[in-house]
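First up is the structure itself, then whatever we jot down about it.
Both ligands and their constituent atoms are indexed starting at 1 by order of listing. Remember, it's a predicted structure, so these values are computed and weren't measured experimentally. These values consider heavy atoms only, across backbone and side chains, with no hydrogens, waters or symmetry-generated copies.
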Amino acid sequence: MSESTQVAIVGAGPAGLMLGHLLHLRGIDSVILENRSQDYVIERVRAGVLEQGTVDLMNEVGVGQRLMREGMRHDGLYFAFNGDRHHIDLAGLTGGRAITVYGQNEVVKDLIAARVATGRPLHFEVGDVSVHDFESGAPRVRYTRDGQSHEIVCDVIAGCDGFHGICRPAIGSHLRIYERTYPFAWLGILASASPSSPELVYSLHERGFALFSMRSPSVTRLYLQCAPEEDIANWPDDRIWEELRTRLRTSDGWEPNQGPITQKSITPMRSFVAEPMRRGRLFLAGDAAHIVPPTGAKGLNLAMADVWRLANALVEFYGSSRQSLLDTYSDRGLRRTWRAQRFSWWMTSMLHRFEDESPFDHRRQLADLEYLVSSRAAMTSLAENYVGTPLD
Ligand code: APR
Ligand code: PHB
């Protein structure tokens with residue numbers, strides 16, 4: 001079956017769904033194709049820190065009601081090392097900007113509801129998605145649904161299909177790839193336990209990194225550095241709690257509250273950039289174009305910034321037939337991406353133990369942390385990056 005639309009969006013993660021919504025608000029047609037089921041996309045446990053710009057965007061486009069009710073605004077965060085916790089006043093250092101803790105799956109839920117309310121197409125569980133002719137003015141996307149083959153003829157394809165999607169490989173050798181993998185992973189859990197601190201705690205302990213976060217007043221989210229090939233079967237709940245308490249407990253007696261573990265998983269750590277973010281009429285956005293290690297909490301926010309920029313460029317394209325914003329989409333995106341890459345790499349390097357590190361390296365890490373929590377200039381630099389620079 002042949003269909004047509006203005007923008008074919010591959011992937012219904014935060015990037016694809018937000019793009020579809022931004023285009024809808026400007027009267028631009030789109031079809032969103034997702035190969036997973038709606039339940040899978042909603043239940044997938046991912047990141048949970050929204051920058052100020054992401055929160056503002058959700059509100060501006062009318063999908064922020066639940067975020068405002070249930071999201072947890074944090075004006076600061078803690079760094080723990082050498083047994084002490086040190087507070088950083090994010091809002092005070094950035095003229096009132098803050099972060100909001102709200103699960104990525106909640107963002108996805110809100111965006112799916114908004115999409116469904118528009119009546120515009122959002123197809124889950126499609127198969128065999130492939131992209132064609134994007135170097136011409138009439139690109140096409142093929143897919144199967146309920147056993148039937150479909151073809152969409154469109155003006156533009158948005159590759160919002162994440163790191164393992166098909167859009168970036170379709171551009172193949174035209175891309176330059178920059179990549180770094182880290183010699184460790186994060187073991188993450190969700191626990192039914194009330195958060196024992198109102199704000200996040202990033203900790204460097206001699207046994208490795210640990211992070212205290214949360215999802216709601218009754219759910220704590222915790223992470224600890226582990227080996228990249230670690231088998232989750234080696235981590236019974238008691239071992240996880242013991243390790244978390246050891247790495248997070250501070251000399252003032254603070255430690256996370258314990259409760260039943262409801263979810264565990266292991267996430268590899270990688271920095272990845274594909275340049276440019278465009279080939280002809282195919283534009284990459286979000287994890288399809290770049291991956292940051294989760295230490296800086298930037299992945300979801302970078303994806304939102306990409307689609308905000310892409311939507312503005314498409315509004316110009318359809319409103320005036322000019323392509324100037326489409327032509328600068330990649331360069332502007334890469335500037336923001338590399339800013340986030342540098343920050344995420346720096347946070348990751350400062351807070352993890354490395355197998356091949358020397359005693360000098362570890363003392364330098366501690367000196368980095370010491371400087372961070374004692375210099376207003378250093379704290380301000382951390383704060384402006386952590387809460388995120390305005391969308392650009
Ligand atoms: N066809 C259709 N959909 C696909 C295909 C395909 N061939 N391949 C992947 N997808 C879907 C995935 O199932 C997923 O729902 O594309 C979506 C991509 O979503 P995300 O991986 O969430 O990526 P993105 O929207 O860019 O959001 C970035 O995700 O990994 C986190 O930390 C990251 O928070 C950041 C966010
Ligand atoms: C989370 O709550 O999932 C989280 C918080 C901060 C990070 C990464 C993940 O840096």
Side-chain angles (χ1 to χ4, degrees), residues 8-20 31-38 40-51 54 72 74 77 99-108 111-112 122-131 141-145 157-170 186 188-190 195 199-202 209-216 219-223 263 265 267-270 272 277 284-307 310 340 343-344 347-348 351 386:
I9 301 175
V10 185
L17 290 164
M18 178 56 92
L19 179 62
V31 174
I32 306 181
L33 300 175
E34 166 62 50
N35 62 358
R36 302 286 195 154
S37 70
Q38 179 163 343
Y40 179 91
V41 169
I42 286 179
E43 276 152 34
R44 191 164 41 185
V45 177
R46 302 292 263 294
V49 171
L50 309 191
E51 291 178 357
T54 301
M72 305 167 91
H74 289 192
L77 52 67
I99 53 146
T100 299
V101 174
Y102 189 65
Q104 177 173 320
N105 55 325
E106 305 300 336
V107 171
V108 164
L111 288 169
I112 290 176
L122 164 58
H123 302 307
F124 289 98
E125 297 180 72
V126 302
D128 305 321
V129 179
S130 59
V131 293
V141 180
R142 294 201 188 115
Y143 66 101
T144 56
R145 194 169 142 228
I157 302 171
C160 303
D161 50 348
F163 187 65
H164 301 288
I166 50 95
C167 289
R168 189 183 66 252
W186 278 13
I189 62 160
L190 281 175
E199 292 172 346
L200 272 54
V201 183
Y202 285 88
F209 170 79
L211 170 61
F212 166 91
S213 180
M214 65 199 69
R215 283 294 176 273
S216 75
V219 176
T220 299
R221 176 95 172 124
L222 295 150
Y223 298 95
Q263 195 266 353
S265 60
T267 315
M269 306 274 284
R270 163 186 291 125
F272 177 96
M277 298 171 68
L284 302 177
D287 277 16
H290 39 68
I291 294 284
V292 283
T295 328
K298 290 281 158 255
L300 167 62
N301 297 293
L302 266 185
M304 291 299 198
D306 282 347
V307 295
L310 183 54
F343 179 67
S344 307
M347 287 276 281
T348 305
L351 287 164
Y386 198 80

Report the part of [X] in contact with ligand 1, treating N, CA, C, O as backbone and CB onward as side chain, heavy atoms under 4.0 Å; options are side chain, backbone, both, neither.
X	value
Cys160	backbone
Leu33	backbone
Ala303	side chain
Leu300	both

Practice prompt. Let me know which of Val31, Ile166, Val126, Val131 forms a side-chain contact (heavy atoms from CB on, under 4.5 Å) with Val141.
Written response: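 Per the side-chain contact (heavy atoms from CB on, under 4.5 Å) rule, the option paired with Val141 is Val131, out of Val31, Ile166, Val126, Val131.
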
Element-labelled atoms of ligand 2 that are located less than 4.0 Å from some non-hydrogen atom of [X]:
X	answer
Leu211	5 (C), 6 (C), 7 (C), 8 (C), 10 (O)
Tyr202	6 (C), 7 (C), 10 (O)
Leu200	5 (C), 6 (C)
Ser213	1 (C), 2 (O), 5 (C)

Please examine the side chains of [Y] and [X], heavy atoms only from C-beta on, and report whether any two atoms are closer than 4.5 Å.
X	Y	answer
Tyr386	Val49	yes
Val292	Thr348	no
Thr295	Met269	yes
Val107	Met304	yes

Kindly confirm or rule out an N or O of [X] lying under 3.5 angstrom from an N or O of ligand 1.
X	value
Val10	no
His164	no
Ala47	no
Val41	no
Arg36	no

Among protein heavy atoms, which lies nearest [atom], and at what distance?
atom	value
atom 13 (O) of ligand 1	Glu34 OE2, 2.6 Å
atom 8 (C) of ligand 2	Pro294 O, 3.3 Å
atom 25 (O) of ligand 1	Ala15 N, 3.0 Å
atom 9 (C) of ligand 1	Asp161 O, 3.1 Å
atom 30 (O) of ligand 1	Asp287 OD2, 2.5 Å
atom 4 (C) of ligand 1	Asn35 OD1, 3.3 Å
atom 4 (C) of ligand 2	Tyr223 CE1, 3.8 Å
atom 32 (O) of ligand 1	Gly299 CA, 3.9 Å
atom 5 (C) of ligand 2	Val49 CG2, 3.5 Å

Fill in: Sub-4.0 Å heavy-atom approach of Arg44 to ligand 1
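Contact check Arg44 vs ligand 1: positive.
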
Practice prompt. Using a 4.0 Å heavy-atom cut-off, say whether Thr295 meets ligand 2 through its side chain, its backbone, both or neither.
Written response: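 The backbone, only.
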
Item to complete: Would you kindly specify which portion of Trp186 sits under 4.0 Å from ligand 2, judged on non-hydrogen atoms: side chain, backbone, both or neither?
Response: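 The answer is the side chain.
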
If the cut-off is 4.0 Å to any non-hydrogen atom of [X], which atoms of ligand 1 fall inside it?
X	result
Gly162	18 (C), 21 (O), 23 (O)
Gly165	8 (N)
Val129	1 (N)
Ile166	7 (N)

Closest non-hydrogen atom pair, [X] against [Y]:
X	Y	answer
Ala303	Ala15	CB-CB, 4.1 Å
Leu284	Ala289	CB-CB, 3.9 Å
Ala285	Val307	CB-CG1, 3.9 Å
Lys298	Ser344	CG-OG, 3.9 Å
Phe124	Ser37	CD2-C, 3.8 Å
Leu77	Glu199	N-OE1, 3.6 Å

Practice prompt. Quick one: sort the Trp186 and Phe209 rings into parallel, tilted or perpendicular, breaks at 30° and 60°.
Written response: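 Rings of Trp186 and Phe209: parallel, as their planes differ by under 30°.
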
Between atom [atom1] of [X] and atom [atom2] of [Y], what is the distance when rounded to the nearest 0.5 Å?
X	Y	atom1	atom2	result
Arg270	His290	CZ	NE2	14.5 Å
Asn105	Arg215	CG	CZ	7.5 Å
Leu190	Ser213	CG	OG	9.5 Å
Met18	Ile9	CE	CD1	12.0 Å
Met214	His74	CE	NE2	4.0 Å
Leu19	Leu310	CG	CG	5.0 Å

Worksheet entry | Proximity flag Arg215 to ligand 2, non-hydrogen atoms under 4.0 Å |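 For ligand 2, residue contact (heavy atoms, under 4.0 Å) with Arg215 is present.
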
Worksheet item: So between Gly286, Gly13, Pro14, whose heavy atom ends up nearest atom 27 (O) of ligand 1?
Response: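 Looking at heavy atoms only, Pro14 sits closest to atom 27 (O) of ligand 1.
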
Fill in: Option with minimal heavy-atom separation from atom 36 (C) of ligand 1, where the choices are Arg46, His290, Gln104
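It is Gln104 that holds the nearest heavy atom.
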
